[in-house]
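Below is one structure, written out as structure tokens; comments come after it.
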Amino acid sequence: MEQRIREIGHELFRAAHTAQRGWPTRRWVANWFLQLSMRDELVKTELFRFVDLLPALRTPTDVNEHVRECLVRVRNRLPAPLAGAVAFWPQVGWLGEISAAFVCRSVEQLARRFIPAPDTGTVAAVASQLRHRGLAVTVDLLGEAVLAEAEALAYQQRYLALIDQLTTALAVVPEVSRLDCDQHGSIPRVNISLKLSSLFSQFDPIAPTETSAAVRDRLRPILRFAKARHAFVNFDMEHFAYKELIFRIFRDVLTETEFRDWADVGIAVQAYLRETAADLDWLCRWAEQRGTPVWVRLVKGAYWDYEIAVAVQHGWIPPVFTEKSETDAAYETATAFLIENHETLQPAFATHNIRTIAAALALAERHRLPPLSFEFQMLYGMAEPIQTALVNNGQRVRLYTPVGELLPGMAYFVRRLLENTSNQSFLRASFLEHLPEEELLMKPTHSVSSTLPTTAEPFHNEPIADFSRPETRAAMQAALTKVSTAVERDYPIVIGGQRIETGQWLESRDPSHRQRLVGRAARATVQQIQSAVTTAGDAFVTWRNTSPAERADLLRRVATIIRRRRFELAAWEIVECGKPWREADADVCEAIDFCEFYAADMLRLAVPRRSDMPGETNVSVVEPRGVAVVIAPWNFPLAILAGMTSAAIVTGNTVIMKPAEQSPIIAAHLMKIFEEAGLPAGVVNYLPGVGAEIGPALVQHPAVALIVFTGSRAVGVAIQQLAAAMPPGQTHLKHVICEMGGKNAIIVDDDADLDEATRGVTASAFGYAGQKYSACSRVIVLDSVYEAFLTRLVEAARSLRLAPADDPDCGVGPVIDAEARERILVQLEQAKRVARLVLAATPGSLADEGWFVGPHIFADVPPKSALAQEEIFGPVLAVLQARNFDEALRLANGTVYALTGGLYSRRPDHIDQARREFRVGNLYINRKITGAVVARQPFGGFKLSGSGSKAGGPDYLPQFVWSRTITENTMRHGFIPPANSDRVGEEGVSSHAKHISTVRLKTG
Ligand SMILES: Cc1cc2nc3c(=O)[nH]c(=O)nc-3n(C[C@H](O)[C@H](O)[C@H](O)COP(=O)(O)OP(=O)(O)OC[C@H]3O[C@@H](n4cnc5c(N)ncnc54)[C@H](O)[C@@H]3O)c2cc1C
């Protein structure tokens, strides 16, 4: 078999080289561009970035500025003539116009190499030309990312129009039997490829049943029309996260009675996925049951870099192979499977790799498959000599032919550029680098690699749940069921390990279903404050002498228990705080991260810092401050509470944990986890109560050393004032760690990727109904893109589904309680007086069920108005217009807050300027501004957003300790002991720190 594959491979190489010699050389710009990109990865990055943004540029000056900004960074790496040209690149005037026109023309020429038809009107002509060259087509409509229902409907209509035009046009062309028939008779002349995710703006694997139903509603008219017009429909395969859902929709719709006997349908299957063998097996059994065959387009997969990046960022095992040869080998295994089952799964081999093609041909030959019972497919503009070689060999070759303008087609175009220039690409290796044929035809092997490289870092983020997996969704559903049977219980106060009831209760209700009582927490009074502070003070004496290593171990045990109960805790967040599934899961993961990060960081902090001189030792050590009061918010009910508390205890403080009135039940579960982990009684005390009743007394208590607060600005400022007072008996200054709100802005620059900006702003503004400190509440848009962006934003926000949080496809859930809802409604009324209301989504019947407020967007917002200046803790977004980038930055910085900020821009100079001048605690560029991850994005703001500290970063724990420095003169009559002599016998960090603590205890 191997020998035959090589024979066929060599024949194909010969035929392709002959074809290549006859191929026109008019594409010199394109080839030069590709060569340049391959020489240097940095040059490639800048070139591709430039190409990506070019269609968004409006004037020749814009184009020239971007050429200079992008290429000036890599000038030294460019060939001499180009480097010189960049240095003197004309910006304006007639020379500027000519150079801009030349650049645009060249990129367009390059793009048109892969995207031949700008609109559906021209595609029939392209298809006819290709038929003359002996090539069939499958047509794909390129489009902007579908973020709104209006866009999804438009996509559906475009496909209906495409089928109409193509079937009409191709009905009259002469039949070419190789293209229009298979072994059984005629096959459709018109073949279209579509992406299911474009048919529904809320396409989400977290809710497969709902998504499948919505997509099928849009899909049926297309399939019905295609069937009636004898056209073929192929379902493209997209990211791995969508795979199961795409298979499901394919199965669901094609088992419906009206489509059950229809054979002119197919689906792409990606060989680079480890699950592909199992998927093919399933597909084959399903098609047998259906009783009508389907086509399978076998591809290797177009999203390899993306899948790897997503897996690494989330800490997941990558779903794709990590060695190219494994993908190639898997492709050949899948080829064999398809050939064996070709009557059920009709094979279309989509590849440009001669070895892969040769293997398919050799296998087909061995199984004596009729030549037209399978086909090869390639991408328009790729591997043309191989296309010709196969056509001349009598094969049916179909070209995937995308249709569209350059702006919406950019993602497709950049994927093709990457594919052509990738180090691993067969085309690069064969036609551009001319590797020996023998090497290119080698049998691909399955290696044993395929794991992510691991690092020796002491801390790793907890991987968030992948809700595209059925087992993960089932786990969350089971946890919700379990929690629903555990509601309506009572949770007493815990002081020194004792359970205390006060006879008064805080009722916690589900914001999505306000009739549901989640539980009751005992309501603390001033009486319990004294007892809690005394108990925590007593526990401090022993706890501060516990070694940092032991304290860190304890936190790790806490993290382990949270991890074990992760879905259950997330379910509690869903019912108690109205957090949608993903947000709840992320909060639990963050709680785990905080515990493990602070555990690791404590060991670093506990290492005494030495600065010895001959005859003098200097050692600086840290020690805990004392009793800490932790006052936590409800919007990150586990993560922030666990984070603030774990930082306090790992540094040796003891804690009175006062959760928000709205989330005492989750806090009670955390308390139990601390106990289960073995925390000594009294080190953490659980004191639920009404903030206004017990908060001031806690803060003012003279024995409290530290207040750790996250919440509103009003309360934060009041705490600062109360803590500054000196009640009688207080012997220290209180330290306040204070995190407050924000009026966070995202700037949308005039060259921003509007797909990405719309997606990012929508997620940042309306995720968790805007109830995050980091949420986007202002978006500042440059004049030239203002209307275009606003239109897309409004439609995208309108398409979000308002639903109870326990519903997996909840896009926007409820706000936390009745009071919050009332406050937002009042603010909305005030806002209507100063700005143009462009979206007011109403909750409809949900208003009777829970505390819902739909997304609201105001346009033309005056920068000084309350709407642009004051925090609204809800799904309300203010849109402001800016004349230029400097003004946008001024507006962004023009509030009393400085927490998060964002920028969507592709202009390197503006990105640099924002890095310097957009003064916020956390600045995000070209991504959403919520969802900070522990250690990667230490989180916290300044001005009136906070005290400038960063939770989840290395400067957080030092705020929980005093620092002491001990200096000893070791010189005796001129005798100087050797350096380090006092460290002999140290057991390391913990014993030294313990020693220092003990010294302090003895000396008072
Ligand atoms: C008609 C047609 C339709 C297509 N439809 C789809 C579709 O619906 N969905 C889709 O995802 N793609 C689709 N593609 C794109 C296709 O996946 C790529 O064109 C294809 O992967 C290129 O493979 P090749 O055999 O031509 O090239 P080769 O150079 O032999 O293979 C390149 C491929 O190898 C894989 N690879 C690269 N590096 C590694 C690595 N380190 N470890 C493991 N694997 C690696 C990647 O899949 C990469 O694309 C389609 C292609 C065609 C021709």
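We count ligands from 1, going down the list as the structure has it; atoms in each ligand are counted the same way.
We find that D180 and R131 are joined by a salt bridge, their nearest charged nitrogen and carboxylate oxygen being less than 4.0 Å apart. Ion pairing between a basic and an acidic side chain is recognised when a charged N comes within 4.0 Å of a carboxylate O; R6 and E437 show no such pairing. Between K443 and E332 there is no salt bridge, since no side-chain N of the basic residue sits under 4.0 Å from a carboxylate O of the acidic one. Looking at E275 and R469, a side-chain N of the basic residue comes within less than 4.0 Å of a carboxylate O on the acidic one, giving a salt bridge. Under a 4.0 Å N-O distance rule, the pair R229/D164 qualifies as a salt bridge. Salt bridge status for E419 with R415: absent, with no side-chain N to carboxylate O gap under 4.0 Å. Between R4 and E7 there is a salt bridge, with a side-chain nitrogen of the basic residue lying less than 4.0 Å from a carboxylate oxygen of the acidic one.
The nearest non-hydrogen atom to atom 36 (N) of ligand 1, considering only R415, K243, E323, K324, comes from K324. Around atom 53 (C) of ligand 1, the closest heavy atom drawn from E238, M382, M378, R398 belongs to M378. Counting heavy atoms only, E419 comes closest to atom 18 (C) of ligand 1 of the residues E375, H239, K300, E419. One option in W304, Y331, F321 has a heavy atom closer to atom 45 (C) of ligand 1 than any other, and that option is W304. Considering D140, V299, V137 only, the shortest heavy-atom separation from atom 6 (C) of ligand 1 involves V299.
Y331 and F349 have tilted rings, their planes meeting at an angle from 30° to 60° on a 0 to 90° scale. Taking the six-membered ring where tryptophan is involved, the planes of W316 and H314 are tilted, since the angle between them lies from 30° to 60°. Between F13 and H17, the ring planes lie parallel to each other; the angle is under 30°, not in the 30° to 60° tilted range.
Applying the 4.0 Å criterion to heavy atoms of F426 picks out, from ligand 1, the atoms 28 (P), 29 (O), 30 (O). Heavy-atom proximity to S425, at under 4.0 Å, picks out these atoms of ligand 1: 29 (O). Taking every heavy atom of R297 and a limit of under 4.0 angstrom, the matching atoms of ligand 1 come to 3 (C), 4 (C), 5 (N). Those atoms of ligand 1 with a heavy atom of Q270 less than 4.0 angstrom away are 9 (N), 10 (C), 11 (O). Within the listing of ligand 1, atoms 2 (C), 19 (O), 51 (C), 52 (C), 53 (C) sit less than 4.0 angstrom from a heavy atom of L379. Residue Y272 approaches ligand 1 through these ligand atoms, each under 4.0 Å from one of its heavy atoms: 47 (O). Close approach to T351 involves these atoms of ligand 1, each under 4.0 Å from a residue heavy atom: 24 (P), 25 (O), 26 (O). For ligand 1, the atoms closer than 4.0 angstrom to any heavy atom of Y303 are 11 (O).
The closest approach between M237 and ligand 1 falls below 4.0 Å for a heavy atom of the residue. Distances from ligand 1 to the non-hydrogen atoms of T322 include at least one value under 4.0 Å.
For T327, every heavy-atom contact with ligand 1 shorter than 4.0 Å involves the side chain, none the backbone.
Y380 has its side chain within reach of L130: a pair of non-hydrogen atoms, C-beta onward, lies under 4.5 Å apart.
Ring centroids of W286 and F247 are separated by 6.0 Å or more, keeping the two rings apart.
The single protein non-hydrogen atom nearest to atom 49 (O) of ligand 1 is G301 O, 3.0 Å, given as residue, atom name and distance.
Below 3.5 Å of separation, one finds an N or O of H352 facing an N or O of ligand 1. Here's the thing with A302: one of its N/O atoms is less than 3.5 angstrom from an N/O atom of ligand 1.
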